[in-house]
Amino acid sequence: MRLRNSFWAFIGRDVSKTPEVVIETIRNAMLLALDRNCDADHFELHLRINFASDISALWYLRIDLMQAICSCREESFARRVLVDVTTMLDRKSVV
């Protein structure tokens, strides 16, 4: 836990909804989808997701994630995997 999050927890603010936590939750969902459904050939995408600076960067990385999963699986499967990630991002209205 970062110092900033511990400060907000100390003063009673719910840190589970802070922007940093939301971004990390979405980032982890995207990395998990990539790791579960693709081979190790997508290391560059893994890095790009891992170092995305904000939620809009993650929004645009969905396309690359979809293409990566399609290269290893069927397109219909990739679409089903991306539904959860897209839903998480849509709730933050990043577009």
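Along the sequence shown, the residues carry numbers beginning at 1. Note that these values count all heavy atoms, side chains included, but never hydrogens, waters or copies made by symmetry. Just so it is clear, the structure is predicted and the values come from calculations on it, not from any experiment.
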Beyond-backbone contact of [X] with [Y], side-chain heavy atoms, under 4.5 angstrom:
X: Asn37; Y: Cys72; result: no
X: Leu65; Y: Val81; result: no
X: Ser71; Y: Gln67; result: no

Do any N or O atoms from the side chain of Arg27 and from the backbone of Leu58 form a donor-acceptor pair under 3.5 angstrom?
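Absent.
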Side chain of Arg62, backbone of Val85: donor and acceptor closer than 3.5 Å?
no
Given Met30, which partner from the list Leu45, Asp35, Leu61 fulfils the side chain to side chain contact (heavy atoms under 4.5 Å, CB included) test?
Leu61
Approximate separation, where rounding is to 0.5 Å, of [X] [atom1] and [Y] [atom2]:
X: Arg36; Y: Leu31; atom1: CZ; atom2: CG; result: 12.0 Å
X: Ile55; Y: Glu20; atom1: CD1; atom2: CD; result: 11.0 Å
X: Asp41; Y: His46; atom1: CG; atom2: NE2; result: 13.5 Å
X: His42; Y: Ile49; atom1: NE2; atom2: CD1; result: 10.5 Å

Do Asp54 and Trp59 pass the side-chain contact (heavy atoms from CB on, under 4.5 Å) test, and can you show the C-alpha distance, the side-chain angles, and the key distance before you say yes or no?
CA-CA 9 Å; Asp54 57 19; Trp59 172 262; over 6 Å; no
Which residues satisfy the side chain to side chain donor-acceptor pair (under 3.5 Å) test with Arg73, sequence neighbours excluded?
none
What is the minimum heavy-atom distance between Ala78 and Ile69, and which atoms define it?
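So the minimum-distance heavy-atom pair works out to CB-CG2, 3.5 Å.
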Take Leu32 and Asn28 through the side-chain contact (heavy atoms from CB on, under 4.5 Å) test and state the conclusion after the steps.
CA-CA 6 Å; Leu32 185 63; Asn28 288 336; over 6 Å; no
Shared hydrophobic cluster, Phe51 / Phe43 (ILVMFWY, side-chain heavy atoms < 4.5 Å)
yes
